[in-house]
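For reference, the structure is listed below as structure tokens.
Sequence lines set the chain letters: A, B, ... in the order given, protein chains first and strands last, and positions in each chain run from 1. Quick caveat, the model's predicted, so the values are computed rather than measured.
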2 protein chains.
Amino acid sequence: MKVLIVEDDPLHRSYLHEAVRAALPECDAVLEAENGASGEIQARKSRAEHVVMDLQMSERNGIEAARTIWRERPDTKILFWSNYSDEAYVRGVSRIVPEGATYGYVLKSTSDERLRLALRSVFVESQCVIDREVRGIQQKSLGNAHGLSDAEYEILVDVALGLTDKAIAQRKRLSLRSVQNRLQSLYEKLDIYQLPGAEAEGWYNLRMRAVTVALLRKVLNSSALERAERELRDSISS
Amino acid sequence: MKVLIVEDDPLHRSYLHEAVRAALPECDAVLEAENGASGEIQARKSRAEHVVMDLQMSERNGIEAARTIWRERPDTKILFWSNYSDEAYVRGVSRIVPEGATYGYVLKSTSDERLRLALRSVFVESQCVIDREVRGIQQKSLGNAHGLSDAEYEILVDVALGLTDKAIAQRKRLSLRSVQNRLQSLYEKLDIYQLPGAEAEGWYNLRMRAVTVALLRKVLNSSALERAERELRDSISS
DNA sequence: GCAAAATCTGCGGGTTCCCGCAGGACAAGC
DNA sequence: GCTTGTCCTGCGGGAACCCGCAGATTTTGC
């Protein structure tokens with residue numbers, strides 16, 4: 001069995017290396033990559049079928065790297081290992097996991113023992129392991145109590161990129177009014193209305209405020225923004 | 001000599017502990033705190049005059065913790081130790097460092113040897129040590145070639161919080177038009193105009209786009225946003 | 001197959017934003 | 001004193017935004 005570790009922090013990388021060695025005696029080769037880009041290359045070259053992947057790396061983050069790895073070999077088993085359980089990450093991951101693939105998502109703050117268990121479960125037993133906390137986020141974002149639908153999320157991203165209503169309408173093949181409809185439901189879902197400043201009438205620019213609230217609640221994060229910006233540039237240049 | 005380490009990641013914390021022990025044999029006590037809030041308390045209680053501080057912690061980030069520590073004892077020597085050199089962090093730090101205080105700013109990616117040197121320089125020699133890269137950011141943000149003035153930066157923050165022009169004018173005791181003037185200079189400084197999408201006429205909502213660009217360039221980051229949001233709430237409730 | 005619910009769409013208006021123009025306040029330099 | 005530069009301020013208008021209303025279209029549930 002070969003395991004590929006993709007992690008930019010040297011300390012965490014060697015810690016992971018150690019953990020893999022301890023948890024998987026049947027593992028005969030541990031490879032390391034220090035960012036998403038070189039992770040993709042190593043995965044392609046070594047044909048590793050087991051990957052431990054950090055999210056939030058410079059160069060190319062874990063989500064993008066995982067997507068291309070899975071595109072090439074959908075049966076790769078990937079264990080995501082992240083500092084945060086931002087809704088943006090959770091949503092990003094579940095967006096790219098292929099049908100029937102096995103993966104895991106554990107937090108860096110987890111204990112050695114649970115990391116060991118996760119490694120064995122995902123890589124040996126082919127069983128999905130999602131951290132409790134991450135699971136909670138998943139639930140919340142699905143149950144549309146306060147969670148955003150996919151349509152609303154996409155609008156949010158486009159707005160956050162700084163596009164006008166008209167531009168969004170064009171990109172999404174919608175009428176102007178439909179875009180504004182989605183925006184309104186976004187404002188409601190994010191509770192833009194009751195806010196610090198009590199009888200705030202005209203104190204907030206709703207469009208801007210929605211994005212800010214999304215950032216503060218980690219529904220969006222800068223990593224998701226960077227991805228979206230790159231896609232926007234691609235879609236324009238083509 | 002007593003040294004207080006404030007760092008939320010256990011691995012990095014123990015690595016720092018080791019580095020301090022090795023670099024400062026005259027140090028007879030190493031204390032640890034795992035976030036900004038408990039860091040403040042420990043600093044107060046132990047009267048430590050030497051602090052190694054991570055930025056970007058949950059609970060209370062390094063900048064806020066450093067500010068209260070320095071407010072209580074301005075002669076405390078603080079070495080900031082961060083993953084990133086975001087302009088938002090650099091600006092935040094230089095905003096709070098008191099007159100004549102000695103401090104340092106090194107990146108986590110630096111070598112063991114340079115960390116050792118920084119520890120000795122700041123704590124023993126009372127000499128400021130700023131990482132080359134960080135220094136570069138500082139220069140750039142001061143030289144107003146593309147750097148924002150303080151006035152523009154504050155406007156940027158207020159806009160990012162989602163306030164309307166009118167609200168900002170009121171908070172800052174300015175006329176509406178003045179706020180808009182500063183906004184315009186902000187747009188120019190951030191190069192909002194030439195953008196992906198060539199003959200983009202009316203494709204971008206400038207106000208939103210400015211914030212997005214600032215985020216992508218790390219002029220702003222979510223940590224700075226959170227701080228600003230808290231200050232906003234305080235200023236309203238009072 | 002039909003009714004209910006959810007979405008999309010056009011119209012119209014009030015408000016906010018973006019910004020050119022022009023005048024006033026204040027400091028620095030010859 | 002005059003000029004030059006920088007910043008603040010008011011006015012006005014075109015564009016974009018926010019959103020209620022109402023009809024059309026699609027989806028959902030039974």
*What distance separates I168(B) CD1 from K166(B) NZ, expressed to the nearest 0.5 Å?*
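Answer rounded to 0.5 Å: 12.5 Å.
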
Tell me: [atom1] of [X] to [atom2] of [N], nearest whole Å?
X       : N       : atom1 : atom2 : value
R209(B) : dC18(C) : CZ    : C1'   : 17 Å
E188(B) : dC18(C) : CD    : P     : 14 Å
M208(B) : dC18(C) : CE    : C1'   : 17 Å
L183(B) : dC18(C) : CG    : P     : 6 Å
Y204(A) : dC18(D) : OH    : C1'   : 18 Å
I192(A) : dC18(D) : CD1   : P     : 11 Å
W203(B) : dA16(D) : CH2   : C1'   : 15 Å
K172(A) : dT7(C)  : NZ    : P     : 17 Å

Looking at [Y] and [X], is there a salt bridge between them, counting it only when a charged N and a carboxylate O are closer than 4.0 Å?
X       : Y       : value
E229(B) : R233(B) : yes
E133(B) : K108(B) : no
D8(B)   : R60(B)  : no

*Name the orientation class of the two ring planes belonging to W70(A) and Y103(A) (parallel below 30°, tilted from 30 to 60°, perpendicular beyond 60°).*
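Rings of W70(A) and Y103(A): perpendicular, over 60°.
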
*All pairs passing salt bridge (charged side-chain N to carboxylate O under 4.0 Å, His left out) where residues 66-75 of chain B contributes a residue, at least two apart*: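 Of all non-adjacent pairs touching residues 66-75 of chain B, those that pass salt bridge (charged side-chain N to carboxylate O under 4.0 Å, His left out) are R44(B)-E72(B), E49(B)-R73(B).
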
_From CA spacing to verdict: salt bridge (charged side-chain N to carboxylate O under 4.0 Å, His left out), E154(A), R95(A)_ = CA-CA 12 Å; E154(A) 288 189 11; R95(A) 232 177 162 52; 3.5 Å; yes

*Say whether, by atom type as modelled, one donor and one acceptor occur between the side chain of T212(B) and the main chain of A160(A) under 3.5 angstrom.*
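Pair found, side chain donor or acceptor close to backbone of A160(A).
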
*Checking salt bridge (charged side-chain N to carboxylate O under 4.0 Å, His left out) for the pair K218(A)/E226(B): CA distance, chi angles, key distance, verdict?*
CA-CA 11 Å; K218(A) 315 289 193 191; E226(B) 287 167 23; 3.3 Å; yes

_Estimated bend of the helix from dG1(C)-dC30(D) to dC30(C)-dG1(D) (axis per five terminal pairs, rounded to 10 degrees)_ =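 Result, rounded to 10 degrees: 40°.
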
*asked:* How would you summarise protein contacts on nucleotides 8-16 of chain C per nucleotide, using B for base, S for sugar-phosphate only and - for none, with heavy-atom distances below 4.0 Å?
replied: BBBB----S

*Does the side chain of Q184(B) get closer than 4.0 angstrom to OP1 or OP2 of dG20(C) through an N or O atom?*
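True: Q184(B) side-chain N/O within range (under 4.0 Å) of dG20(C) OP1/OP2.
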
